[in-house]
Amino acid sequence: MATPRTSPEISGMGHSMKRKEDPRFIRGRGNYVDDIQLPGMLHMDIVRSPFAHAKIKSIDTSKALKVPGVLAVIDGPTLAKYNLHWMPTLMSDTQMVLPTDRVMYQAQEVCAVIATDRYAAADGVEAVEVDYEPLEPVIDAHKALLPSAPVLRTDKKGKTDNRIFHWEVGDKSATDKAFKDADVVVAQDMYIPRIHVASIETCGCVADFDRVTGKLTVYMTTQAPHAIRTVFALVAGHVGLSEEKIRIVSPDIGGGFGGKVPVYPGYVIATAASVVIGKPIKWVEDRMENLQADSFARDYHIHAELAARKDGTMTALRIKTLADHGYADAAANPSKFPAGLFSICTGSYDVKHAFAEVDGVYTNKPPGGIAYRCSFRVTEAVHCIERITDVLASELKMDPAALRMKNFIQPDKFPYKSALGWEYDSGNYGAALRKAMDIIGYEDLRKEQAEKRARGELMGIGISSFTEIVGAGPSKHFDILGIKMFDSCEIRVHPTGKAIARFGTKSQGQGHETTYAQIVAEELGIPASQVQVEEGDTDTAPYGLGTYASRSTPTAGAAGAMAARKIREKAKKLAAHLLECSPDDLVWEPGKFSVKGAPDRFKTIQDCAFAAYTNHPQGMEAGLEAVSYYDPPNLTFPFGSYICVVDIDRGTGMVKIRRFVAVDDCGNIINPMIVDGQIHGGLTMGMAPALLEEIQYDESGNIQGGSFMDYLVPTAMETPAWEVDKTVTPSPHHPFGAKGVGESATVGAPPAIANAVVDALAHLGVKHVEIPITPEKVWRILREKGVAE
Amino acid sequence: MATHRIELSVNGAKQSAEVPSRLLLVHLLRENLRLTGTHIGCDTTHCGACTVLLDGTPVKSCTVLAVQADGREVTTVEGLEKDGKLHPIQEGFWEKHGLQCGYCTPGMMLSGCALLARNKSPSEAEIREAISGNLCRCTGYVNIVKAIEYAAEKMRER
């Protein structure tokens, strides 16, 4: 790691500064949405459908309204009076806020009870009587496209099937030809299961409409407060909500991971209720509502094929995917990318020809298609390429590390144009894999494996050499509902040389209050401890698209540097004025300008700040502040190589991760301690779907993973002691050479684990195991192969 | 609905309240006493965000009735800091980056405290077992383990 340019007192980039946000959290003084209590506040609870698909014959609220404390029940017809019973999704599809006649998934919102406290609201929910007539549900994504399948979205005029979109990318005919000419072709079906982010804080809001001022304030668990404000203004403009009178506040957020990007019906119902009743309304979902109704992630049925020459040179990749979106396309993707950035599926390899197609379908499941700590479908793409690479290695009887080394895009090829159209900014993939192999002792492990195999013991080594794609914009390609994906920072330097910096993003645990302060410290030399960072209040922060898809450092972080550089330019003029010299005669080092050749003659950034308010030159505006709306010229492409060693118990099928080495490259690092923390967490959220987590449905559409009883979030017991290291390949286009890192590990870890398990079983003829790799799945394989103990 | 007069000690201060039979301890703490550092993550005793100490034993306050705390001592995260000085476990979580979003942190620290009260030098495996009823989605537990080890060392020095 490079030596930091600034002292620990300034704590610019490269310092493992202790987090500025922690003093409140370790004292229990965070301010999460459920901690907010306003005078006269009422509580809302939601009645949900027990059926996956049913007609609503009647809703009887009479008993509920007699429950002490219950004030009102809001249903679809109530909202329909205001034309608020439907809302747009982030993908410009439509989704019900509350139904007027039909429910489309189990746990769908049916109506909402408003009461004086949360217990009364829950009593009210129990007392509402709904008469349903069950309809035939469509659960299997493959069957959804059969002509015999019932058409689900009858609300859409002229809709005759359940297809949402067909999307394709790449040169099909060139790819087909490369397949025809190939020495070797391997193919593999793989399912990337439906999972849920399950942030420990669920979703909720406090909606507070002030009838006197006409101002609506919504405290809300949202990763994108500014975009939410605009969406509220566009959707509810017809009932008189105007954007200058809407304030969205994201308070402290207890984990987001993509699950707090969408607008859920509960937010809208609570807001509508506050506007109608004129009192603050709190709605906080419980865990089962969170798992059963909020946006899911993944659910991709993939068929992948890889073509190669005999020597292992990959020549072409072809992928066909069926994407189950539930009853609405509520994916949180940029508008022009219905399958997100799935086209990163050629991965770290120099594959000349590729073609990918994705069909999105409607089923009777909750809507979604959000990222689970990944940048828009990148995890699906990485699992696909890293798994099929191992299938090819197995077919060619090549070592999977050697096959990867052979096919990596070489360092001198960057910027590299991929077959599916991306321009990778920088990379050194071989260095990262070699480093991981050295740390874990790859060659020795292979020897150990051979010895163990001879003794009948099951041990596997799995590699994943992933390439991520994060930091959307650029705005010429990326928007959400038409809002361009730039991000922003506004810095004000006070007369005494301290600063406040506000950003368009919103931390959910990433540590922005610390890392953003360090960026400003790096650029201006003002100690990070004296830079107050704020985000999440749309009344004060500049407009931005929010925090998800590892975009904060690539976009808002860059905006922070750019705004600081504008301030530095003005400070230079102030220093020249104070030193009575030309700005051209000044040299900068973090924190001060000095006269070239006369280092004793200098002015600090604090001197310049004071002068900006007390002694600025005539003709210059007073003050020292700047705003930057940063539109990145390209995405950033973090990467890494992970190696996992597993031991499998032949009696139980239990997979134990013995070691896991993660070598990440996210370019230049702001705070090494925080980056390591992001990777530890990301690895754990990568292991989760590889070994534990899945939301399944039975044939009637009943959810099988709807509580923490059966949706298995990793505890400290299953989680190994991750070993992390880095290589540093700066992004050439980012202002300080950084790339995003929050999600790399979630993206990279699952195939390393799956490849390790398959490797442990390879000598038994096993080519693939679907994730999550549960003990039961492994035990069934062991029994079938006759090696179970 | 029947109500009951209860008296309990919360972070060393006597509290009395008239509570409905079904009121959960976590709601008594959060809503009646406004001690919002104790969080709710699942309502079903799985996640541990609501962990508090009841007579020194960690319990999940989302499945303890307020009336069950009658006559007993409750410690919440707000009771860890004494005379403006952080508890070693708080120091540990800050020093070792043992938290990210902060939501599981209070419960995690209290489970750690209960462990250190009965085991001054826990092994990594013992720490992991002691916090296995507390879910964290952000940190991958690596630095939480280090934070508790840090606290153990600090407490042994005293």
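As the structure is a prediction and not an experimental result, all values here were calculated from the model. Letters go in sequence order (proteins before strands), and every chain restarts at 1.
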Give me the atom names and distance for the closest heavy-atom approach of [X] to [Y].
X	Y	result
B/Leu135	A/Pro714	CD2-O, 3.8 Å
B/Phe93	A/Ile26	CB-CG2, 4.1 Å
B/Cys42	A/Phe708	CB-CD1, 3.8 Å
A/Ala120	B/Arg22	N-NH2, 4.3 Å

At a 4.5 Å cut-off on heavy atoms, which part of [X] comes close to chain B: side chain, backbone, both, or neither?
X	answer
A/Glu21	neither
A/Gln508	backbone
A/Asp34	both
A/Arg19	both
A/Leu291	neither
A/Arg24	neither
A/Pro68	neither
A/Val284	neither

**OP:** List in chain and number order the residues that pass side-chain hydrogen bond (donor to acceptor under 3.5 Å, both in side chains) with B/Ser111, two or more places apart in sequence or in another chain; answer none if no residue qualifies.
**Re:**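 Scan of B/Ser111 (side-chain hydrogen bond (donor to acceptor under 3.5 Å, both in side chains), adjacent residues dropped) gives B/Asn134.
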**OP:** Tell me, please, which residues at least two apart from B/Glu95 pass side-chain hydrogen bond (donor to acceptor under 3.5 Å, both in side chains).
**Re:**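 So B/Glu95 forms a side-chain hydrogen bond (donor to acceptor under 3.5 Å, both in side chains) with A/Lys18.
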Any non-hydrogen side-chain atom of [X] less than 4.5 Å from a side-chain atom of [Y]?
X	Y	answer
A/Tyr119	B/Leu23	yes
B/His27	A/Arg118	yes
A/Arg27	B/Leu86	yes

Subject >> Residues in residues 35-46 of chain A that sit under 4.5 Å from chain B, counting heavy atoms only >> reply: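 Against chain B, the residues of residues 35-46 of chain A that fall inside the cut-off (heavy atoms, under 4.5 Å) are A/Asp35, A/Gln37.
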Original post:
Counting heavy atoms not belonging to A/Met288, are there more than 12 under 6.0 Å from its CE?
Top reply: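 12 or below, so no.
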Original post:
Would one find more than 12 heavy atoms of other residues, nucleotides or ligands at under 6.0 Å from atom CD of B/Glu73?
Top reply: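 No - once you tally the heavy atoms of other residues, nucleotides and ligands closer than 6.0 Å, there are 12 at most.
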Do you know which of [options] has the most heavy-atom pairs with chain B at a distance under 4.5 angstrom?
options	result
A/Ala716, A/Gly509, A/Gly28	A/Ala716
A/Met709, A/Gln510, A/Arg373	A/Met709
A/Asp123, A/Thr202, A/Asp117	A/Asp123

Is [X] close to chain A through its backbone or its side chain, or both, or neither, when contacts mean heavy atoms under 4.5 Å?
X	result
B/Leu80	neither
B/Ser132	both
B/Tyr103	both
B/Glu129	both

Option in [options] with maximal non-hydrogen atom pairs under 4.5 Å from chain A:
options	value
B/Arg34, B/Met108, B/Glu78	B/Arg34
B/Cys101, B/Gly37, B/Gly140	B/Cys101
B/Thr45, B/Leu99, B/Ile144	B/Leu99
B/Gln90, B/Gln100, B/Arg137	B/Arg137

Any chance you could measure [X], atom [atom1], to [Y], atom [atom2], to the nearest 0.5 Å?
X	Y	atom1	atom2	result
B/Thr36	A/Arg29	OG1	CZ	7.5 Å
A/Glu285	B/Asp43	CD	CG	10.5 Å
B/Thr44	A/Asp286	OG1	CG	8.5 Å

Please tabulate, one pair per line, all N/O donor-acceptor pairs under 3.5 Å involving side-chain atoms of residues 679-690 of chain A, not counting sequence neighbours.
unit_1   : atom_1 : unit_2   : atom_2 : d
A/His680 : ND1    : A/Asp676 : O      : 3.4
A/Thr684 : OG1    : A/His680 : O      : 2.8
A/Thr684 : OG1    : A/Trp722 : NE1    : 3.0

Original post:
Salt bridge between A/Lys282 and B/Glu31, side-chain N to carboxylate O under 4.0 Å?
Top reply: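 Looking at B/Glu31 together with A/Lys282, the answer is no, because their closest N to O distance does not fall below 4.0 Å.
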